[in-house]
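Report on the following structure.
On a predicted model such as this, the values are computed, not experimentally measured, just so you know. Counting starts at 1 for both ligands and their atoms, following the listed order.
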Amino acid sequence: MKALSSTLPIVLIFVLLSISLVAADDSVDFDSFLRCLPTRSNSSVPIADAVLTPANSSFESIYQLRANNLRIFLSTTDRPAAIITALHPSHAQATVVCAKRHGLQIRIRSGGHDFEGLSYTSDVPFVILDMFNLHSIDVDMASETAWVQAGATTGELYYRIAEQSNVHGFPSGVCTTLGIGGHFSGGGYGPLMRKYGLSIDNVIDAQLIDANGRILNRESMGEDVFWAIRGGGTTSFGIILSWRVKLVRVPPRVTVFTVPRTLEQGATELVYRWQQVAPKLPEDIFIRIQPQPINNGGNNRTVRVLFIGHFLGQTDRLIQLMNTNFPELRLQRSDCIEMSWVESTVYWAEFPDGTTTDVLLDRVQVNRSFSKSKSDYYKAVIPRQGLEMLWEALMDIEDIFVQMNPYGGRMEEISESETAFAHRGGNLFMVLYGVTWSESDGGIGAAARYVEQSRRLYRAMAPYASSNPREAFLNYRDLDIGSNESDETDFEDAMEYGEKYFRNNFMRLAGVKTKIDPENFFKNEQSIPPLPMRSGHD
Ligand SMILES: Cc1cc2nc3c(=O)[nH]c(=O)nc-3n(C[C@H](O)[C@H](O)[C@H](O)COP(=O)(O)OP(=O)(O)OC[C@H]3O[C@@H](n4cnc5c(N)ncnc54)[C@H](O)[C@@H]3O)c2cc1C
Ligand SMILES: *[C@@H]1O[C@H](CO)[C@@H](O)[C@H](O)[C@H]1NC(C)=O
Ligand SMILES: *[C@@H]1O[C@H](CO)[C@@H](O)[C@H](O)[C@H]1NC(C)=O
Ligand SMILES: *[C@@H]1O[C@H](CO)[C@@H](O)[C@H](O)[C@H]1NC(C)=O
Ligand SMILES: *[C@@H]1O[C@H](CO)[C@@H](O)[C@H](O)[C@H]1NC(C)=O
Ligand SMILES: CC(=O)N[C@H]1CO[C@H](CO)[C@@H](O)[C@@H]1O
C-alpha cells in the first residue's frame, strides 16, 4: 500500500510496468517448492492442474479476478510466486507442507473480499492458496445441517438451501459473493443476526488444515481450537476446508421494506429514536439504516436515511409490531414487500427489481471499486448534536457510505466468551464507514484523499463510539487500528489491534495459537501471535 501516499496518475502506469515477482528473493527455494507439491498430494487429481505460475497465461487474470479492492490491487506491484487453485483438499495440504519447508509465506483466499487485501498481498515471498474451486455444498434435510466448503459463496449457500426447503435459511452476510472461508472467520452477520446470531453461532463442526498439513475436525482439533476459529480470524490457526452448519428455520414468507427519510422529513429525530428502539425490537425484526448525502440540485446537499427492514413474518403482523414499537417511522403497508426468504437475500443484496434468485450462483464480484472501510461499536445513543455533526461530515465527503446495524436480541444472549467473537451484550449497533470510488472519480491517484476522508469521519465520531478499547469488527478489516509487517508478529503490536477486535478473548486466542501453531507459520499483518516466550527467570 506504499503507493497510496502518491496522488500522481502516473502511479497506475508505473504499477503495470513494474510488476515484480517476490519469488526472486534468494533465501527462498521456489523451484524446490514446486517440486515438492506433487510428492505431497493425491496423485489421482494432479496438482499440476492447480498450479499457476507467472508463465501461465491465466496467472494474471486469476490473480485479479478475486482481488476485489482496486485500492489494494492497483497499489501493489508484488505478485505471488504461484497461485495454487486447489482442486482437491490434498492440494491445500501440500501447499502448507511445501511452503513451510521451503520458506514461502502463504496467503489464503476464498472470496477475495478482504477490505485490506490480506488474502492476496504480502511484502515477503509468498504463494496464494486459492480455495475458490472447492465449493461443494451438501445439504442434509434430515439433520437440518449442511457441509459447506470454504470456496462456496454466501449466495450459493442460500441458493442450495432454498433448493431443498422454503422454510430453512442461514444467517450470513448480505453481499452474495463473500467466500464462506473468510466470511465466517470474523463472525459473519446479516439480517438474521438478531434472531439467530452470527454464522459462527450456527457452526457445529469444521475441517481445518493445520501447519503440519493435517486435516482436523472438531473432535481432533479440540474445543479450544474450535472456539478460536469461530470469530478469531481463522487464518491465524489454519486453513478452513469446510464448515458444518446448522440450518435455521424461516417462515415461508418474509417481509422487506426500504423507507427513505431526508433531514427535511425529520430524519434526525427518527435516527435518534431508531438507536433506542432497533436493538430492542422483537428478534424477528432487523432494521438497518443507511444515511447518505444526496444532492437536491445545485449545491443544496442534504442527507437521506434509508431504513431497510427484514421481518421473519408477514406484513399484517409487521405493521402491528411497528405501530406499537416504532410508530414514528410511519411504516405503511405499501412500503412492504412479501417474498420467500431466499428472494429476500436477493432484495437485500440490492440487485435490481425483478432479478431472479439465479443471480445467487454468480460467484464473482463483477464491478469492483476502490474502497476504504472502518468500523465502530456503539454502546450509548448518539445525541442529536452528534447526529447533526455526522450529517455535516457526510455532506462534506464525496462518496461516503455509512451503515448502522442494530444488535440486541440473540446477540445479547450469547456471552462474550462463548466464541472468539467478543462484541455481544451491551452493544446498541455496529457502524460501517466506507468510502468507495471509481476510476472516473480519480482511481488510485485519489486514494490518499479518500482514505483521509474516512479517517476524518472516524476521528469525528470518537466521542460517541466505544472506547478503551475502541472496538472494531474483524470482517471489516482496517489496518489503521494497528498492524504488523507481513512476516513478523510483534506481541505488543498485536495487542493493540487484538484488543479492539477481540476484547478479552485476545489472550486466550494467543494461548490457542501457541498450541496449534507455535512457529507462527500462519501469519499476516493482523494475525494472532503465539504468546511471548517466558524469559526463564520468573
Ligand atoms: C461488498 C462487501 C459486503 C460485505 N458484507 C458483509 C456482511 O454483510 N456481513 C459480514 O459479516 N461481512 C461482510 N463483509 C466482510 C466480509 O465478511 C469479509 O471481507 C470476509 O473476510 C470476506 O471473506 P472472503 O473469503 O470473501 O475474503 P478473502 O479476502 O478471501 O479472505 C478474508 C480473510 O480470511 C482469510 N481466509 C480466506 N479463506 C480462508 C480459509 N479457507 N481458511 C482460513 N482463512 C481464510 C484470508 O486469508 C483473509 O485474511 C462484506 C465485504 C464486502 C467487500
Ligand atoms: C485421492 O482422491 C480420490 C478422489 O477424491 C479418492 O478416491 C482417493 O481415495 C484419494 N487417494 C488417497 C490416497 O487419499
Ligand atoms: C501452466 O503452465 C505449465 C507449463 O506450460 C503447464 O504444464 C500447466 O499445465 C499450466 N497450468 C495450468 C493450470 O494451466
Ligand atoms: C434544499 O432542499 C430542501 C429539500 O428539498 C429544501 O427544503 C430547502 O429549502 C432547499 N434549500 C435551499 C437553500 O434551496
Ligand atoms: C456493472 O457495471 C456496469 C456499468 O456500470 C452495469 O451496466 C452493470 O449492470 C453492472 N453489473 C452488475 C452485476 O452490477
Ligand atoms: C506495519 C507495522 O505496524 N509494523 C510494526 C510491526 O512490529 C514491529 C515491531 O516488531 C514494529 O516496529 C512495526 O512498526
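Taking every heavy atom of G173 and a limit of under 4.0 angstrom, the matching atoms of ligand 1 come to 7 (C), 8 (O), 9 (N). Close approach of ligand 2 to S44 (heavy-atom distance below 4.0 Å) involves ligand atoms 1 (C), 2 (O), 3 (C). Near F115, meaning under 4.0 Å from any of its heavy atoms, are these atoms of ligand 1: 51 (C), 52 (C), 53 (C). Close approach to A150 involves these atoms of ligand 1, each under 4.0 Å from a residue heavy atom: 41 (N). Proximity to R109 (heavy-atom distance under 4.0 Å) selects the following atoms of ligand 1: 30 (O). Counting atoms of ligand 1 from 1 in the listed order, those under 4.0 Å from a heavy atom of R477 are 49 (O). Counting atoms of ligand 3 from 1 in the listed order, those under 4.0 Å from a heavy atom of V51 are 11 (N), 13 (C).
With values rounded to the nearest 0.5 angstrom, M411 atom CE is found 14.5 Å from F429 atom CZ. How far OG of S199 is from CG of D201: 8.5 Å, rounded to the nearest 0.5 Å. Atom-to-atom distance recorded for T235:OG1 and I528:CD1 is 10.5 Å, nearest 0.5 angstrom. H88 contributes atom NE2, which lies 13.5 Å from atom CG of N133 (distance to the nearest 0.5 angstrom). Rounded to the nearest 0.5 angstrom, L479 CG and Y497 OH are separated by 10.0 Å.
Not close to ligand 3: T85, with no non-hydrogen atom less than 4.0 angstrom away. Ligand 1 has I239 within reach: a non-hydrogen atom of the residue lies less than 4.0 Å from it. For G112, the closest heavy-atom approach to ligand 1 falls below 4.0 Å. The closest approach between G238 and ligand 1 falls below 4.0 Å for a heavy atom of the residue. The shortest heavy-atom distance from F473 to ligand 1 is under 4.0 Å. Not close to ligand 1: G190, with no non-hydrogen atom less than 4.0 angstrom away.
No hydrogens or angles considered: a donor-acceptor pair under 3.5 Å links the side chains of Y501 and Q526. R244 and T145 share a side-chain donor-acceptor pair at under 3.5 Å.
Below 3.5 Å of separation, one finds no N or O of I180 facing any N or O of ligand 1. Where the criterion is an N or O separation shorter than 3.5 Å, residue side chain and backbone included, N56 meets it with respect to ligand 3. Considering backbone and side-chain N/O atoms, C175 never comes within less than 3.5 Å of an N/O atom of ligand 1. Considering backbone and side-chain atoms together, V174 places an N or O closer than 3.5 Å to an N or O of ligand 1. In terms of polar-atom proximity, defined here as any N/O pair under 3.5 Å, D114 does make such a contact with ligand 1. Remark: ligand 1 and H113 share an N or O pair separated by less than 3.5 Å (distance only, no angle test). Taking distance alone, with nitrogen or oxygen atoms compared against 3.5 Å, T177 stays at or beyond that limit from ligand 1.
In terms of protein heavy atoms, atom 25 (O) of ligand 1 is closest to G111 N, 2.9 Å. The shortest contact between atom 38 (N) of ligand 1 and any protein heavy atom is with S110 OG, 2.7 Å. Nearest non-hydrogen protein atom to atom 26 (O) of ligand 1 is G179 N, 2.9 Å. When only non-hydrogen protein atoms are considered, atom 17 (O) of ligand 1 lies nearest to H183 ND1, 2.8 Å. Counting only heavy atoms of the protein, atom 13 (C) of ligand 3 lies nearest to D49 O, 3.2 Å. Nearest protein neighbour of atom 9 (O) of ligand 3, counting heavy atoms only, is A48 O, 4.5 Å. Of all protein heavy atoms, the one closest to atom 5 (O) of ligand 2 is H88 NE2, 3.4 Å. When only non-hydrogen protein atoms are considered, atom 50 (C) of ligand 1 lies nearest to L178 CD2, 3.6 Å. The protein atom (non-hydrogen) at minimum distance from atom 29 (O) of ligand 1 is S119 OG, 2.6 Å.
Inside a 4.0 Å radius of atom 11 (N) of ligand 3 there is at least one protein heavy atom.
The residue among T153, I108, L432, D130 with a heavy atom at the shortest distance from atom 36 (N) of ligand 1 is I108. For the residues N42, V45, L87, the heavy atom positioned nearest atom 1 (C) of ligand 2 is part of N42.
Remark: R470 qualifies as a cation-pi partner of Y458 under the 6.0 Å distance and 45° angle criteria applied to the six-membered ring. Figure legend: R66 and F132 shown as a cation-pi pair, the cationic atom lying under 6.0 angstrom from the six-membered ring centre and within 45 degrees of its axis.
Between F491 and F506, the ring planes are tilted. Angles from 30° to 60° get that label. Between F370 and W437, the ring planes are parallel. Angles under 30° get that label, and only those over 60° would be called perpendicular.
Of the heavy atoms in L52, only side-chain atoms (C-beta onward) come closer than 4.0 Å to ligand 3.
No donor-acceptor distance shorter than 3.5 angstrom exists from the side chain of D49 to the backbone of V45, with no hydrogens or angles considered.
Surrounding CD of E223 are more than 12 heavy atoms belonging to other residues, nucleotides or ligands, all under 6.0 Å away.
The pair R424-E418 does not count as a salt bridge, with every side-chain nitrogen at least 4.0 angstrom from each carboxylate oxygen.
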